[in-house]
Every structure is written in structure tokens, then in C-alpha cells.
Protein chains: 2
Amino acid sequence: MDASVDAQLQSDGVAFTAADAELLRAIRDAGSVAGASEALGRSRARALDRIETLEEAYGPLVERRRGGATGGGSDLTETAASLLSRLARLQATLAGTASVEECVIPGRVTERDGELGVVATDAGDLRARLVARDGGDVPEVDSPVQVSVRSDAVTLHAPTDAPAAGGTSARNRFEGTVVGVDAGETIVCATIDIRTPDSLSALLTHESLDRLDLRPGSRVVASFKATATRAIAAD
Amino acid sequence: MDASVDAQLQSDGVAFTAADAELLRAIRDAGSVAGASEALGRSRARALDRIETLEEAYGPLVERRRGGATGGGSDLTETAASLLSRLARLQATLAGTASVEECVIPGRVTERDGELGVVATDAGDLRARLVARDGGDVPEVDSPVQVSVRSDAVTLHAPTDAPAAGGTSARNRFEGTVVGVDAGETIVCATIDIRTPDSLSALLTHESLDRLDLRPGSRVVASFKATATRAIAAD
DNA sequence: TACCGATGTATCCATGTCGAAACAGCGACG
DNA sequence: CGTCGCTGTTTCGACATGGATACATCGGTA
């Protein structure tokens with residue numbers, strides 16, 4: 001089982017989806033709506049309908065010319081190009097977020113200050129961002145929560161070289177023991193036991209791995225920003 | 001125009017969507033499929049169909065009992081509960097990611113080492129994670145890219161107190177000038193000009209804001225991990 | 001001026017989705 | 001043993017989606 005995402009842009013209640021992006025790219029490549037719809041195996045009439053719907057919400061996207069030696073043709077506008085690249089960025093970001101390891105830490109809210117709160121966990125106190133669960137409320141003081149920490153938000157330090165607690169931004173600091181090192185091509189995922197049910201994982205480069213000299217059993221300090229966490233109400 | 005996400009879990013080609021979660025929650029609350037479908041205004045036959053489809057992919061989700069004084073009833077299994085909370089976490093994470101400010105920095109790849117690369121930008125060299133664009137390839141050396149940096153990944157430091165360049169993980173460091181401070185209830189979004197077309201933004205707490213004494217015109221050092229960035233091919 | 005291949009526009013139909021409705025089966029309880 | 005309210009199953013039809021098709025229109029070019 002794995003996570004997947006459907007990213008889309010919204011304007012005036014009309015969604016610009018991956019399928020729309022595919023259509024626009026095909027038009028750009030084919031130079032015509034007719035060629036694009038044939039390439040995609042979709043009907044031309046529907047493609048034109050869809051373009052019209054999109055243009056009502058997003059402004060001119062396809063410059064359509066009729067007549068001429070070649071019968072006419074279509075090109076994308078600047079707006080369309082920027083929509084395409086914006087959606088591509090969103091997809092890249094979200095796909096990355098969805099596929100990255102996350103660590104779930106159960107705990108209980110002990111303090112709350114607006115969107116931020118302090119959560120008591122097995123590893124100690126944690127500052128986290130409190131967010132409403134879909135169809136629910138923002139967690140209150142004393143309510144049980146699950147804090148999720150994405151591995152790309154976690155930074156590792158040597159215990160001797162750990163930053164001052166109150167040094168920069170609001171960071172959570174946890175000392176722990178490396179339990180696993182999963183080396184990719186250039187990016188390494190290290191898992192660290194910080195005495196929570198789930199281990200914390202951190203993404204780092206091979207370079208950092210070598211400098212920190214990490215191996216199972218090593219002691220490290222893991223830190224992450226409160227604003228990169230999400231605490232939602234547990235059932 | 002804004003971004004929206006449709007998070008879902010996948011297993012055996014069957015997606016567990018927000019609508020499915022709504023159905024399961026309604027069953028949990030009503031104690032029966034009949035009550036749940038009425039509460040949601042959906043037909044009972046379809047709800048049962050959907051449950052069957054989901055169970056083929058995810059295992060038992062709803063314990064259905066027939067007969068008895070009350071005619072029977074349905075309860076969620078542990079599997080269903082864990083699916084619900086997993087989807088809720090995913091939604092919270094992705095919704096946060098989609099809505100957070102991102103800074104787009106155009107540049108050109110100058111080095112590539114697997115998933116990581118060095119990108120030359122207006123602000124200087126940047127280490128970023130190279131990812132394939134939807135329906136495209138991973139950027140090569142010399143190709144133009146757009147690097148996106150989410151504001152929750154950015155940490156700010158006082159110029160005098162900036163961390164050593166090679167200190168911990170592979171971090172990008174940029175000195176810049178604060179151009180805006182957008183204070184929320186407890187979380188502040190600071191925008192920093194680092195001589196790129198888009199300004200970089202960073203999320204920090206009020207506390208950090210005060211300690212760093214940030215205001216428009218202040219000099220700061222912004223840093224972020226390479227593994228938290230995404231560089232995709234520009235058109 | 002005829003041709004060509006595109007854009008416009010309309011209608012028809014296959015398909016899939018989903019609610020409505022009806023009915024059988026079940027089983028604890030009074 | 002009958003009642004009750006759920007589960008289980010089927011059939012029907014409304015509705016939206018989207019392909020297939022046909023035909024008019026446009027406007028450079030030969």
C-alpha cells in the first residue's frame with residue numbers, strides 16, 4: 001500500500017488537472033488541437049469543450065487559428081505555459097512529500113498557542129504545528145494527537161556539535177541512536193531511535209553521512225523545525 | 001487561483017479516497033451501513049459495493065452482522081481505523097505542503113551526482129534535489145531548471161550567528177535582506193530578498209522573530225537542506 | 001478559384017456511475 | 001414464534017462523460 005496524490009490548480013471552481021496539462025502539452029507538440037486529440041486518443045470535440053471551460057476560468061490558453069495553407073493550427077499562450085510549469089512544480093513537490101518517509105509520534109497536547117502547541121511524547125516535549133483533521137477540529141490542550149515528521153525536514157548533528165537549544169528558529173532537538181542506514185544513489189535515509197514507537201528518519205547526503213560517521217549504534221542529535229511538523233487529533 | 005490536492009492511498013490498484021474515508025467514518029458513527037448511507041445521502045447498495053471493492057484490496061474493513069434484536073449492524077475493523085488515520089495524516093501533510101508559500105528560483109544545472117545537483121542561480125550556487133517532471137526526464141547538466149523551496153524548510157539565522165558552511169547536513173546558505181514580515185496568529189512568514197526573481201520566504205515563530213529582531217531591511221542568513229528542495233526542468 | 005486541413009458546432013450513442021426501489025435472509029428478543 | 005431492522009442482492013432508470021460522426025467555415029496557397 002502506498003500514497004498517491006492528485007495535484008491540481010483551482011480557479012473559479014474549475015480544476016486544472018494532470019489530464020488538462022497532458023492535453024496542453026500535446027497541443028504544443030502537435031501544433032493543433034486536432035493532432036493533439038488524435039495523439040491522445042481523445043475526441044476533438046471534447047478537447048475543444050474542455051479548452052473553452054478552462055479558458056473561462058483561467059483566461060486565454062490556446063491561440064487557435066483557422067484557415068490558411070495548413071488549415072490553421074493552435075499554439076499555447078504564456079498563461080498556458082505558466083500553468084503547465086506551475087502544475088509541474090506542484091506535482092513534483094507533492095509527489096516528493098507523499099513518498100518521503102514520515103515518522104508518526106503519538107503524544108498529548110500540553111500547551112497551545114494558536115497554531116503551535118507543545119506535545120508531550122515518549123521522547124520528551126515537542127513543539128508542533130496543530131492542524132485540523134479533515135472533517136474535524138484543531139486539537140485542544142489535553143487531547144491525544146499524532147505528530148508526523150517528514151524525513152526531509154530532519155537534520156542530524158554530531159552530539160558534540162549540536163546547536164544551542166534556543167539558537168535559531170524554534171527547533172526540536174532529540175538525541176537518539178542510529179538503527180539503520182539505507183543508502184540510495186546519493187541520498188541516504190537514516191533511521192534513528194528516539195524512544196518513540198516509530199523511529200525517526202532523516203534524509204541526508206552521502207557526504208554528510210561520512211562527515212558524521214554514522215553507523216548503526218552511533219549517537220546523534222536530530223533536529224527539526226516546529227513549522228515543518230503536523231499534529232492532528234488521534235482518533 | 002490556488003492549489004488543491006486529492007490525497008489517496010493505493011493498494012492493488014484500488015484507491016482509498018476521501019469519499020471512502022467519509023463513508024467509513026459515517027459507518028463508525030451510525031453503527032450501520034444503512035444508517036451511514038442515509039446520513040450521507042448515498043445509496044446503500046453502492047456503499048456495500050464500494051466496501052466490497054475496498055476489502056478485496058485492503059482486507060476486512062467493516063464487520064457486518066445481520067440479525068438480532070436491532071437487525072444487526074456494522075463496526076470498523078482495526079485495519080479500517082488505521083487506514084482512516086493514515087489518510088488523515090497524509091491529507092494534513094499534503095494540504096500543508098500545497099498551501100505553504102514556495103519560492104521558485106530559476107537556474108542551470110552545473111553538476112550532477114545522481115539525485116543531487118548543483119544549480120547556478122542569481123543568488124549563487126545551490127545544491128538541490130533533481131526530480132523528473134511529470135512525463136519528462138530528470139534534468140541533465142547544463143539544462144535550465146526551476147528550483148522550488150518551500151517556506152517551512154527555510155531556517156533563518158542572525159548574520160553574526162550563522163552556522164558554519166560545512167557544519168551539519170548539506171545546507172544551502174544565502175545572505176539576504178528582509179523585505180516583508182507577514183505575521184499570523186503565532187506563525188510568521190518572512191520574505192527575504194536573496195537577489196532571485198522570487199523572494200525566498202520562511203516560516204518562523206513569533207518567538208524567533210523577536211529573537212532575531214527581524215524587520216524590513218534587516219540582514220539575515222537563510223538556510224535550507226538540499227533534500228528539501230525540488231529542481232525540475234524548465235520548459 | 002479550387003483545394004486542403006485545420007477550427008467550429010451539432011447530434012447520436014455507448015458506457016459507467018449511482019440513486020431508487022423492491023424483496024429475501026438473518027437472528028436476538030419479547 | 002412473530003417482530004424488527006439490519007444485511008445481502010437484484011433490477012430499473014436517470015444522469016454525466018466522452019467517443020463517433022457529420023458538416024459548415026475559414027483562409028493561405030497553388
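In the text below, chain A, chain B and the rest are named by the order of the sequence lines, each starting its count at 1.
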Q: Indicate every side-chain donor-acceptor pair of residues 1-11 of chain B with a distance under 3.5 Å to a residue at least two apart or in another chain.
A:
unit_1, atom_1, unit_2, atom_2, d
B:Ser4, OG, A:Gln10, NE2, 3.3
B:Gln10, NE2, A:Ser4, OG, 3.3
B:Ser11, OG, B:Ala57, O, 3.1

Q: A:Ile27 versus A:Ile51: any side-chain heavy-atom pair under 4.5 Å?
A: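 Contact flag for A:Ile27/A:Ile51 side chains = yes.
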
Q: Please identify each residue that fulfils salt bridge (charged side-chain N to carboxylate O under 4.0 Å, His left out) with A:Arg28, with sequence neighbours left out.
A: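 Testing A:Arg28 for salt bridge (charged side-chain N to carboxylate O under 4.0 Å, His left out), a comparison that skips the adjacent residues, returns none.
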
Q: Below 4.0 angstrom from OP1 or OP2 of D:dT7, is there any side-chain N or O of B:Ser74?
A: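 Checking B:Ser74 against D:dT7: at least one side-chain N or O falls below 4.0 Å of OP1 or OP2.
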
Q: Ignoring hydrogens, what is the shortest heavy-atom contact between B:Val62 and B:Leu24? Give both atom names and the distance.
A: CG2-CD2, 4.0 Å

Q: May I ask you to list the residues of residues 38-54 of chain A, by number, that have any heavy atom positioned under 4.0 Å from an atom of DNA chain D?
A: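 Heavy-atom cutoff 4.0 Å gives A:Arg42, A:Ser43, A:Arg44, A:Arg46.
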
Q: Could you go through residues 82-97 of chain A and list every donor-acceptor pair under 3.5 Å that involves a side-chain atom there, pairing it with any protein atom two or more places apart or in another chain?
A:
unit_1, atom_1, unit_2, atom_2, d
A:Ser82, OG, A:Thr79, O, 3.3
A:Arg89, NE, B:Glu102, OE2, 3.3
A:Arg89, NH1, B:Gln146, OE1, 3.2
A:Thr93, OG1, A:Arg89, O, 2.8
A:Thr97, OG1, A:Thr93, O, 2.8

Q: Could you identify which residues of residues 10-31 of chain B place a heavy atom less than 4.0 Å from some atom of DNA chain D, listed by residue number, or say none?
A: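 DNA chain D contact set from residues 10-31 of chain B: none.
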
Q: State whether the side chain of B:Lys225 and the backbone N or O of A:Val154 hold a donor-acceptor pair below 3.5 Å, judged by distance alone.
A: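 Yes, because the side chain of B:Lys225 sits within donor-acceptor range (under 3.5 Å) of the backbone of A:Val154.
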
Q: With sequence neighbours excluded, give me every salt bridge (charged side-chain N to carboxylate O under 4.0 Å, His left out) pair touching residues 65-76 of chain B.
A: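 Listed by first then second residue: B:Arg65-B:Asp75.
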
Q: If you look only at pairs with a residue in residues 47-61 of chain A, which of them pass as a side-chain hydrogen bond (donor to acceptor under 3.5 Å, both in side chains), with sequence neighbours excluded?
A: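 As it turns out, the side-chain hydrogen bond (donor to acceptor under 3.5 Å, both in side chains) pairs with a partner in residues 47-61 of chain A, which skip direct neighbours, are A:Asp20-A:Arg50, A:Arg46-A:Asp49, A:Glu55-A:Arg64.
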
Q: Listing request: all salt bridge (charged side-chain N to carboxylate O under 4.0 Å, His left out) pairs with a residue in residues 182-204 of chain B, at least two apart in sequence or in separate chains.
A: none

Q: Show me the pairs that pass side-chain hydrogen bond (donor to acceptor under 3.5 Å, both in side chains) and involve residues 112-121 of chain A, at least two apart or across chains.
A: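 Passing the test, one end in residues 112-121 of chain A: A:Arg112-A:Glu140, A:Glu115-B:Thr186.
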
Q: Bend angle of the helix from C:dT1-D:dA30 to C:dG30-D:dC1 from five-pair axes at both ends, rounded to 10°?
A: 10°

Q: My understanding is that only residues two or more places apart in sequence, or in another chain, count here; which of them pass side-chain contact (heavy atoms from CB on, under 4.5 Å) with A:Ala128?
A: A:Val119, A:Val147, A:Thr229, A:Ala231

Q: For A:Gly71 and for B:Gly35, find the nucleotide of DNA chain D with the closest heavy atom, then tell me which residue's nucleotide is more 5'.
A: B:Gly35

Q: Can you confirm whether B:Leu23 sits close enough to B:Arg42 that some side-chain heavy atom of one is under 4.5 Å from a side-chain heavy atom of the other?
A: yes

Q: Take atom CG of B:Asp137 as the centre, draw a 6.0 Å sphere, and report whether it contains more than 12 heavy atoms from other residues, nucleotides or ligands.
A: no

Q: Check DNA chain C against residues 60-69 of chain A and give the residues with a non-hydrogen atom under 4.0 Å, in numerical order.
A: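 Contacting residues: A:Arg64, A:Arg65, A:Arg66, A:Gly67.
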
